[in-house]
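When reading the values below, keep in mind they use all heavy atoms of this one structure, side chains included, and skip hydrogens, waters and symmetry mates.
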Amino acid sequence: MKSFDVNYKLLDEMYQDEYYPDFLVDKVKAALQEVIDLLECGETDTEVIQEKLDKAVCAVNDLQDEFEENDSEIETVARDCIGTTVDYILEWFGIPIDVEEAIRERDW
């Protein structure tokens, strides 16, 4: 079983930008951490992993109103940051899922 890269800062670009409240970025991070936890347990079945990704992306979808209530939104920078982070996670663990497929449930 492989551990995730301890030197990689999940969603760093969003944390560095004051436009995104840290407590909301923390919620996005928590959703992605569930995917990482699954992969760290050694899961390699792409269907199981995709289900977990779908769940994580839906959790991020559910945060959109909360972002808006805090004068923020999941817009271009956030979309790119989340996509790049998901891509890095998949690459790190050698999971052959295209990032667009991985985040297919997004509505942001």
So, using side-chain hydrogen bond (donor to acceptor under 3.5 Å, both in side chains) as the criterion, who are the partners of [X] when residues are at least two apart?
{"X": "D12", "answer": "Q16"}
{"X": "Q64", "answer": "D107"}
{"X": "E51", "answer": "none"}

Side chains of F93 and L38 in contact at under 4.5 Å (non-hydrogen atoms): no

pair I36-L10: side-chain heavy atoms closer than 4.5 Å: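 Result yes, sub-4.5 Å side-chain heavy-atom pair found.
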
With sequence neighbours excluded, residues passing salt bridge (Lys or Arg N to Asp or Glu O under 4.0 Å) with D17: none

With sequence neighbours excluded, residues passing salt bridge (Lys or Arg N to Asp or Glu O under 4.0 Å) with E100: R106

Any idea which heavy atoms bring [X] and [Y] closest together, and the distance?
{"X": "V28", "Y": "L11", "result": "CG1-CD1, 3.5 Å"}
{"X": "L53", "Y": "A102", "result": "CB-O, 3.5 Å"}
{"X": "P21", "Y": "N70", "result": "CG-CB, 3.8 Å"}
{"X": "A59", "Y": "A31", "result": "CB-CB, 4.1 Å"}

[X] side chain to [Y] backbone, donor-acceptor under 3.5 Å:
{"X": "S72", "Y": "Y19", "result": "yes"}
{"X": "Q50", "Y": "E101", "result": "yes"}
{"X": "N61", "Y": "E105", "result": "yes"}

Side chain to side chain donor-acceptor pair (under 3.5 Å) pairs, two or more places apart, involving residues 24-36: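 Counting only pairs at least two positions apart or across chains, the side chain to side chain donor-acceptor pair (under 3.5 Å) contacts touching residues 24-36 are Y15-D26, K27-E66, Q33-D37.
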
Pair listing, side chain to side chain donor-acceptor pair (under 3.5 Å) test, anchored in residues 82-91, at least two apart: D5-Y88

Qualifying residues under side chain to side chain contact (heavy atoms under 4.5 Å, CB included), relative to [X], sequence neighbours excluded:
{"X": "R79", "answer": "I74, E75, T76, W108"}
{"X": "S3", "answer": "E40"}
{"X": "D45", "answer": "E43, E47, V48"}

Reported [atom1]-to-[atom2] distance for the pair [X] and [Y], which is rounded to 0.5 angstrom:
{"X": "L39", "Y": "T44", "atom1": "CG", "atom2": "OG1", "answer": "9.5 Å"}
{"X": "E68", "Y": "D65", "atom1": "CD", "atom2": "CG", "answer": "6.0 Å"}
{"X": "L24", "Y": "E73", "atom1": "CG", "atom2": "CD", "answer": "13.0 Å"}
{"X": "I82", "Y": "I103", "atom1": "CD1", "atom2": "CD1", "answer": "8.0 Å"}

In one Ile/Leu/Val/Met/Phe/Trp/Tyr side-chain cluster, 4.5 Å: F4, M1: no

